[in-house]
Each structure stands twice: as C-alpha cells, then as structure tokens.
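Here the structure comes first, spelled out in structure tokens, and everything after it is commentary.
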Amino acid sequence: MSEEIVDDIIRAGRAHADEVEVALLESESVSIELKQSHPAHAGESHGTGLIIRVIHEGKIGSSSTSTLTNWRNCLDSAIASAHLAEPIPWRGLPGPVPIEGPSLSFDSSVRPDPDVALTYCKELLAGATEFPEAAVVGGGAGLSRGSVLLANSAGIRYVEEHTSVSASLEAIADHSTGFEYDRSVSADIDACAIGRRAAELAATSRNGLPIETGTYDLLLSPHAFASLCAPLLKQAVNGRSVLMGRSFLADKLGTQIAPEHLMVVDDPFYPGGLGSTRFDAEGVPTRKNTIIDSGYLNTFTYDLKTGYRCGHESTGNASRGGLGGGVSIGMHNLVFTGETMKEPGEGRCVLVNEVIGAHTANPLTGDFSVEIQNAFFMEDGHIQEPIRKAMLAGNIFGMLEGIVGMGAEPRRVGDTIVSSVRVHAMHLVG
C-alpha cells in the first residue's frame, strides 16, 4: 500500500515538475523514564511520515505530512513552494546504482518491547547501588525500530531499516552529580555499568579542591571531547557554512590544522555506528570522507544543492532531521584516531569527564568557554583528588593543534567515535 502511494506521487508530481523525490518514514518506539528510582512514565509511539520534494527549473519545494492519505495535498504544497523559490544551479537528482548488503544500523533482535526497557531500567538502578552514597535523580531507557524508503523520478528506490537502544542515569551525592549514558543500534549496551558509572562519578566528585587559574594538560574523556569538539568541527567543514562565509576553516583547505598524527574520518560504514548507512537522504551512495588527513584539512562536506552551487560533487552527506525537516548537510560517524599513548594520563594532568555549555561555543570562530564537571587531578595515570568546578576556555582549533596523544580504547558517543584525548596547555579558570 505504502509503496503504491510512492509510485502514485512520483507519477502525479512529474506532471507538474521536472523531478520528484519521496521519503517515506516509519517508526515505532517505547521508553520508560525514571524519576529518582521509580518508573515515572512509560511511552509508546508509532509514526509514519511522508516527505515530498519537487524540483522544477532549478526551484526546489518540499512539504511533509504524517497522514499518507493526504499525499495529494502534500504534493500540491511542495509544487506551490517550488514556484515561490529562487532558482539555483541544479544538475539533477541521482539515478540508481547497485547498493547491496543489509542495513548497517539495524539489528533484527531489537524490538520496542516495554518489558525490555523496564529490564534496562532495573539494571541501571542495580548498578547505581554499588555506590550507596549517591542517590538516583533520574534516567531511563528506550528502544526504537524504523525504516526509510527513498524513491525519486530518476529511478531510485532504496529501503533501509534502523534500530536504536539507549539508557541513561543521573545521580547525585551531596552537591556533586554524575551522568552516564549509552546508545547503540544493538542490544549490546551494559545498563548496569551505566548506572554504576553515573553513581561513581557523583560519589567520587564530592569535596572537590579548588584549582588555581592557569595552564594545564588535560585528559578529556571521550564524552567531554565529543561534546566540545564534534559539533564545532561538523559546522566548520559544512559546505554550506563555508559558502555563506560562516566557517573559520573556509580558507584553510589543504593547510595543517592539527598534529600530523591526527586523522578525522566521516565513516558511514563504521560497524555498529549510529549513523551508518549505504545512501544519504538524497539517494547519493555514501563514502568515507577523510576530513582531516594527517593533520591537514582535506575536504568539506556537501549535499547536492550546496555541491552544485559550489561546483563540487555531493560527498554523500545529505541528511534529514525527521518529518518536517528539510535536507541539510550532516555527518554519519565522525571517527577520530591519532597517536596512541601508552598512558595518556602520564605525569601531572587534569582529567575532565564532562563539560557543560558546549552549545554556547562560537561556530564562527571556534571559541568556547565551558564548565568542567567530574574533573580530577591525575598523576602518572592514577586519579587523585576531585576538582571543584572550573571554567575551560579556549578555541577548538587551537585545541586540535594541542592534541599530543589518545587512549587505546575508542568509545561511541552518539555519532562520534573517539578515545580519551590528551591536550597540551589548556587554560582553566579556577
């Protein structure tokens, strides 16, 4: 039934526009939210979404609906918005190519079952009991399963399924808090370990010592580094940001912006990656894009629209945020690798497990000022005294240049894969 509607939309749309693209999204999910140590809310949702995009004489219009039977009105809205749009250089939607293999972000064993979500919650709480001085503030678990069917008038018809399992817990001990979470495409998350870690961070961060304002070597946890660095780097290499003059890296293609041991790759085929996919939101086959190659800025990222405007081909980075979201430029799995240190916490340094306020960083310059949390002095790899809250100020690109080594065990933090990162000479304000 749904696939028949897609064919009907393309046929009807071709009577009024040069090209038609249809994305049909289906999803189901369950979640259980904890309030303190008790399940406070259970939710279940089933959703269907239809996104239609038409291109006529270089003018692009789009519309979406959650009611499939309303597709004719949705198509009319897309055609009407295209008539109002300004024309852009456009060289067409992609045609079909062989895309083989199973979905890369899908595990058939994952089913949105509320009993499974409740089991994860119980494991979270069981892990937290190992640090009884910490009290659970909240948390929860969720499972989802969905699919996307992408078709266009050039002959594309791709289908991909995806699954997600997530769990998180927040704990507090006196005035110190701890938070931990994980999200995976498979049921391989360790909810007990998540609960234990959150409670441990809260318990061990109590009675922090003041730190003098100055310059320190930092050992950033994967979570802290990903929270701070990944959003700014994604924005800076976004081809649209470059085109609009909103990227600090706009004139630095081919120049060294990081130590020669650092590699940053957008890998859509990363095993178990949350963003793994064989095609992007416009049907362009995905590929590995090396963003930083041996310290040198190697490429920007493009979708079709921005690529055509800039005279570049799409890098397979078109994405949609969901129903109602237009096509934008995104990343799949941002993988950081660099020189591995035998002991990244060697000597004297400051371990930072979490940062708060990374969203306030300036995407135009890369400047940031964030609060560090769950921070500790480290001596030759051993965690010492906790540190009272302090501010970390700097520039993300200066921080990249200051990376001296990385830990051996990469961790998945959302769509970023990175191990702990040692950065030389960062400014802390006590």
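Please read all numbers here as calculations on a predicted model, not as lab measurements. Counting from 1, the numbers follow the sequence of the chain as shown. Heavy-atom basis, side chains included; hydrogens, waters and symmetry copies ignored.
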Q) Partners of Cys121 by side-chain contact (heavy atoms from CB on, under 4.5 Å), sequence neighbours excluded? A)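 Scan of Cys121 (side-chain contact (heavy atoms from CB on, under 4.5 Å), adjacent residues dropped) gives Ile32, Leu34, Ala141.
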**Q.** Non-neighbouring partners of Thr360 that pass side-chain contact (heavy atoms from CB on, under 4.5 Å), sequence neighbours left out
**A.** none
Just so I know, are the side chains of [X] and [Y] near enough to count as touching, which here means a heavy-atom distance under 4.5 Å?
| X | Y | result |
| --- | --- | --- |
| Thr315 | Arg287 | yes |
| Val116 | Val30 | no |
| Leu274 | Val185 | yes |
| Leu93 | Val20 | no |
| Gln235 | Ile396 | no |

(Q) Taking ring-ring contact (aromatic ring centres under 6.0 Å, His included) as the cut-off, I'd like each qualifying pair that reaches into residues 227-273, sequence neighbours left out, listed once. (A)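 Sorted result for residues 227-273: Phe248-Phe397.
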Q: Return each pair, listed once, that meets ring-ring contact (aromatic ring centres under 6.0 Å, His included) where at least one residue sits in residues 111-145; pairs must be two or more places apart or across chains.
A: none
Sequence neighbours left out, what pairs pass side chain to side chain donor-acceptor pair (under 3.5 Å) with at least one residue falling in [range]?
| range | answer |
| --- | --- |
| residues 28-37 | Ser29-Ser45 |
| residues 97-108 | Asp107-Ser109, Asp107-Ser186 |
| residues 122-146 | Glu130-Arg196 |

Taking only residues two or more places apart in sequence or in another chain, which ones pass ring pair (Phe, Tyr, Trp, His ring centres under 6.0 Å) with [X]?
| X | value |
| --- | --- |
| His223 | Tyr181 |
| His312 | Tyr302 |
| Tyr158 | Phe279 |

Is the number of heavy atoms from other residues, nucleotides or ligands within 6.0 Å of [atom1] ([X]) greater than 12?
| X | atom1 | answer |
| --- | --- | --- |
| Arg206 | CZ | yes |
| Arg278 | CZ | yes |
| Arg183 | CZ | no |

(Q) Quick test of your reading: applying salt bridge (Lys or Arg N to Asp or Glu O under 4.0 Å), list the pairs with at least one residue in residues 411-430, sequence neighbours left out, ordered by first then second residue. (A) Glu180-Arg411, Asp182-Arg412, Asp217-Arg422, Lys234-Asp415
Q: Using salt bridge (Lys or Arg N to Asp or Glu O under 4.0 Å) as the criterion, list what pairs up with Glu379, not counting sequence neighbours.
A: Arg348
Q.
Tell me whether Glu21 is salt-bridged to Lys305, with the criterion being a basic N under 4.0 Å from an acidic carboxylate O.
A.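 No salt bridge links Glu21 with Lys305.
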